[in-house]
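All remarks here apply to the structure that follows.
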Amino acid sequence: MSESGERTTRTAEPPDHAGRGTSVDSATGVFVAHRNLLFTVAYEMLGSAADAEDVLQETWLRWVGVDPAGVRDERAYLVRIVTRQALDRIRVLGRRKESYVGPWLPEPLLTAPDVAEDVELADSISLAMLLVLETLAPVERAVFVLREVFDLPYGEIAEAVGKSPAAVRQLAYRARSHVAERRPRGPVSPAQTRAALRAFQRAVETGELQGLLDVLAPDVVALSDGGGIVHALPRPAVGTDEVARLLASGWWQRGGTRSVEPVQINGGPGLLVRIGGKIDGVVAVQVEDGYVTGAYHVRNPEKLARLERETAVSR
């Protein structure tokens, strides 16, 4: 763990158990087959790829010791393990966030273009949605993710979170109501998304704001996460005027040659910003009904590890 409290990324790799023969080979095959799903469950619950990888490592260690003869449904069993490990990790993250410097944003992921084609998956991993999930209690968050995103039966969710099916139904209802009041509103066509992203990119590159003002929602919010390591906005900027003033005043200006590249971030539109050829940060742009409603700017260098290559997610 670094001084800022963020964990460095570890990739969950099955340890070397060559001497244990075919049982470990079989366990490895099952784990690898479900790995992207398990990562996505953990990531949606935690908002941190580094911690999701740690949870996968712990899940593997438990899975390899399980007698396969007692497992009826391997997928459900693995989801149960990863959910319980993620719930334990949420408590650690809660303490870490209490001392976090400035606004906290989820760790962004560079994702493949086809993720955006699965609208429900892309919505569930967007930075805007992950911030909404942060407002749920841990068990409510787990229930919402498992039910609404992965469509697990209530009985399986009950086993994963240690509640009765009736209690899980109540938790799911409360979580759905809570999220419905706060979630991104309204579908967006690809053409609207491209137009909004082009306007935002022009503003970042040139400071030309008129095109951006035409697509900023009145209640647009800009958040910036530097983790106390690099410069970032100390508080959210809210409203068209405040966000436009930030851009006009050189919010994006840094020393060195700057390049801005459109990318897919967490299944949605984003801009990858490089200074002198090195990744300086990323902006995930939330577009709703053709207007930019959120700009989530992550500069904390400890959260930029997943921007060099695409991260596979699935459901």
Side-chain angles (χ1 to χ4, degrees), residues 37-38 40-48 51-52 55 76 79-80 82-91 93-94 97-98 103-107 109 115-116 118-188 193 217-223 236 238-239 266-268 284-296 313-315:
L37 165 72
L38 300 175
T40 309
V41 171
Y43 175 73
E44 291 200 22
M45 289 180 61
L46 301 172
S48 164
D51 286 282
V55 164
V79 168
R80 187 188 318 161
V82 85
T83 300
R84 290 174 179 174
Q85 294 303 312
L87 284 171
D88 288 342
R89 184 57 60 98
I90 284 175
R91 300 181 180 94
L93 287 176
K97 289 172 189 173
E98 289 175 0
W104 178 92
L105 288 173
E107 182 179 353
L109 307 177
V115 173
D118 186 337
V119 176
E120 290 185 6
L121 177 61
D123 175 67
S124 72
I125 63 169
S126 70
L127 295 198
M129 177 58 78
L130 293 178
L131 286 173
V132 172
L133 294 182
E134 282 286 315
T135 65
L136 293 171
V139 175
E140 286 181 334
R141 193 183 317 174
V143 169
F144 181 87
V145 168
L146 296 179
R147 182 61 184 175
E148 300 302 312
V149 181
F150 297 97
D151 198 28
L152 265 63
Y154 287 112
E156 289 185 18
I157 300 173
E159 290 188 28
V161 301
K163 302 284 185 181
S164 70
V168 165
R169 287 179 182 274
Q170 291 180 337
L171 287 166
Y173 175 80
R174 285 207 304 267
R176 276 195 301 270
S177 300
H178 181 92
V179 170
E181 294 173 358
R182 296 163 176 82
R183 75 185 309 157
R185 54 177 191 272
V188 182
T193 298
D219 56 350
V220 60
V221 176
L223 291 168
V238 182
N266 288 56
V285 181
Q286 185 69 30
V287 182
E288 303 172 33
D289 297 325
Y291 292 93
V292 175
T293 58
Y296 306 101
V313 292
S314 68
R315 66 187 181 101

Smallest separation among heavy atoms of [X] and [Y], with atom names:
X      : Y      : result
Val115 : Ala122 : O-CB, 3.7 Å
Arg141 : Leu133 : NE-O, 3.1 Å
Val149 : Glu44  : CG2-OE1, 3.6 Å
Leu37  : Ser314 : N-OG, 3.2 Å
Tyr296 : Gln286 : CE1-CB, 4.0 Å
Val79  : Leu152 : CG1-CD2, 3.7 Å

Distance check, rounded to the nearest 0.5 Å: Leu171 atom CG versus Arg176 atom CZ?
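Those atoms lie 10.5 Å apart.
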Calculate, to the nearest 0.5 Å, the distance between atoms CG and CD1 belonging to Leu109 and Ile125 respectively.
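Going from the CG atom of Leu109 to the CD1 atom of Ile125 covers 6.5 Å.
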Take Phe144 and Leu136, measure what side chain to side chain contact (heavy atoms under 4.5 Å, CB included) needs, and give me the verdict at the end.
CA-CA 9 Å; Phe144 181 87; Leu136 293 171; 4.3 Å; yes
Using a 4.5 Å cut-off on heavy atoms from C-beta on, say whether the side chain of [Y] contacts that of [X].
X      : Y      : result
Ile90  : Leu46  : yes
Val145 : Ser124 : no
Val220 : Tyr291 : no

Only pairs under 3.5 Å count here: list side-chain donor-acceptor contacts from residues 154-167, not counting sequence neighbours, and write none if there are none.
unit_1, atom_1, unit_2, atom_2, d
Glu159, OE1, Arg80, NH2, 2.8
Ser164, OG, Ala167, N, 3.1

Distance-only polar pair, side chains of His178 and Arg174, donor-acceptor under 3.5 Å
no
Test applied, side-chain contact (heavy atoms from CB on, under 4.5 Å); reference residue, Arg315; option that passes from Leu121, Val41, Thr40
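That would be Leu121.
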